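First up is the structure itself, then whatever we jot down about it.
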There are 2 protein chains.
Amino acid sequence: MAMSEESGSAKTAIKMIQEAGARATAARLTVLRILLSADHALTHSDVEQAASAAGDLIERVTLYRVLEWLVDQGVAHKTLGLDRVWRFNAHHEAISNHAHFNCTDCGRVYCMESLNPVFAITLPPHFQLQQADVSLQGLCPCCTD
Amino acid sequence: MAMSEESGSAKTAIKMIQEAGARATAARLTVLRILLSADHALTHSDVEQAASAAGDLIERVTLYRVLEWLVDQGVAHKTLGLDRVWRFNAHHEAISNHAHFNCTDCGRVYCMESLNPVFAITLPPHFQLQQADVSLQGLCPCCTD
DNA sequence: AGGATTAAGCAACTCAGTTGCGTAAAGGTC
DNA sequence: GACCTTTACGCAACTGAGTTGCTTAATCCT
Ligand SMILES: [Mn+2]
Ligand SMILES: [Mn+2]
Ligand SMILES: [Zn+2]
Ligand SMILES: [Zn+2]
């Protein structure tokens with residue numbers, strides 16, 4: 001049986017969605033594929049542009065809902081950039097705690113998947129810690145001279 | 001010479017602004033005093049409410065500009081909450097690197113001044129690190145049962 | 001006092017993200 | 001396959017934080 005023109009990540013995208021026990025709609029597949037093939041976290045409008053560039057235009061609100069849905073399903077996750085814009089990322093592997101790198105020049109956000117800094121913290125009384133995130137700032141490979 | 005009805009932080013607020021070599025306007029003093037007397041970081045509207053509660057109402061845009069100005073002067077600093085809203089904080093002491101604690105229940109943000117977690121990070125090639133921030137999530141004293 | 005500089009006030013705007021609601025597209029049942 | 005139920009999409013209108021431009025009012029300086 002011949003493989004369709006969609007190879008690699010395509011199959012994975014469908015699987016990831018079906019494993020969530022939900023409908024693999026065109027919008028969800030398109031968005032997840034875009035996220036999976038990106039090397040950095042994408043904004044709503046990054047995804048919108050990527051989709052329409054590929055001929056799959058997705059309605060604004062649908063896109064917002066799909067992105068949020070992917071996060072709820074645990075298939076993607078989001079981070080807030082310093083420009084107050086959410087950026088989304090999907091991983092082939094299970095998502096573990098990791099740091100995010102914000103480029104101060106181009107604004108791109110990268111997930112540093114293998115980077116899970118550990119540190120000891122002692123909070124003042126009556127604070128209950130649930131989670132700790134590390135956010136890094138600097139220049140990304142695109143913006144290094 | 002009798003002390004005016006403004007004690008403690010009032011004097012400090014004036015000093016802090018004058019040391020920046022700028023005009024100590026009513027709006028700046030009011031805002032800085034409010035920030036100095038808060039035990040957590042305040043949003044624009046937190047400050048607006050606090051000011052008008054004290055009878056000093058400040059125009060929306062002026063408030064935005066004053067807050068930004070205080071940050072530029074190094075007198076205050078701001079952090080982005082998970083609700084995409086900036087929160088401002090002023091310190092009597094010089095501002096050093098510190099972690100921020102976000103309450104997942106009430107949304108308040110606290111500066112953990114004495115908490116400066118250190119950790120080792122090795123970035124992928126061509127990433128140039130400039131700064132690292134730690135953001136903590138959990139329940140604050142107000143929200144702990 | 002008089003002119004230059006800086007801040008405040010106001011209105012209109014931007015932009016990411018939401019909400020409500022009607023319509024279309026699956027899924028499931030017989 | 002027709003029929004009904006559930007879920008997703010599409011569109012329009014809305015929200016709310018933060019900005020911009022421009023005019024008026026305070027300060028500062030000589
Ligand atoms: Mn990530
Ligand atoms: Mn702080
Ligand atoms: Zn960059
Ligand atoms: Zn709280």
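Just so we're clear, the structure is a prediction, and the values are computed from it rather than from any experiment. Reminder, nothing fancy here: chain letters follow the sequence lines and each chain counts from 1.
Rounded to whole Å, the distance from CZ on B:R87 to C1' on D:dG18 is 14 Å. Look at CG on B:D56: it is 13 Å from P on C:dA8, rounded to the nearest Å. Here the P atom of nucleotide C:dA8 and the CG atom of B:L57 are 14 Å apart, to the nearest Å. B:E68 has its CD atom 10 Å from the P atom of D:dG18, to the nearest Å. Distance, B:L63 CG to C:dA8 P: 11 Å, rounded to whole Å. Between the CG atom of B:D46 and the C1' atom of D:dA17 there is a distance of 13 Å, rounded to whole Å. Rounded to an integer number of Å, the gap from CG of A:L80 to P of C:dA16 is 13 Å. For the pair A:I17 CD1 and C:dA26 C1', the interatomic distance rounds to 15 Å; values are reported in whole Å.
In the interface, the side chain of B:R60 is paired with the base of D:dT19 through a donor and an acceptor atom under 3.5 Å apart.
Closest approach of B:L129 and B:Q131 over heavy atoms only: CD1-O, 3.5 Å.
Closest contact between the side chain of B:V66 and the listed nucleotides D:dG10, C:dA8, C:dG17 involves C:dA8. Considering only the side chain of A:E59, D:dC11 comes nearest among D:dC11, D:dT7, D:dA26. Out of D:dA17, D:dC11, D:dC9, the shortest distance to the side chain of B:Y64 is found at D:dA17. With distances taken from any side-chain atom of B:R84 to the nucleotides C:dC10, C:dA16, D:dA17, the minimum falls on C:dA16. The side chain of A:H44 lies closest to C:dG17 when the candidates are C:dG17, D:dC28, C:dA8. Distances from the side chain of B:R65 to the nucleotides C:dG9, C:dG20, C:dG27 place C:dG9 closest. When distances are taken from the side chain of A:V85 to each of C:dG9, C:dA16, D:dC11, the shortest belongs to C:dA16.
At a cut-off of 3.5 Å, with distance as the only test, no side-chain donor of B:H40 or B:H100 sits close to an acceptor on the other residue. Using modelled atom types and a 3.5 Å distance limit, the side chains of B:H44 and B:D46 yield no donor-acceptor pair.
Mapping A:D83 and A:A24 onto DNA chain C by nearest heavy atom places A:D83 at the nucleotide closer to the 5' end.
In this structure, CZ in A:R108 is found 13.0 Å from CG in A:N102, a value given to the nearest 0.5 Å.
Residue-level contact check: B:A27 touches the backbone only, with heavy atoms under 4.0 Å from sugar-phosphate atoms and none from bases.
Look at B:T25 and you won't find any side-chain N or O under 4.0 angstrom from OP1 or OP2 of C:dA7. Proximity of B:R28 to the phosphate of C:dA7: a side-chain N or O atom is located under 4.0 Å from OP1 or OP2.
Neither B:V71 nor B:V85 shares a network with the other; the hydrophobic side chains, linked directly or stepwise wherever heavy atoms of I, L, V, M, F, W or Y lie under 4.5 Å apart, form separate groups for each.
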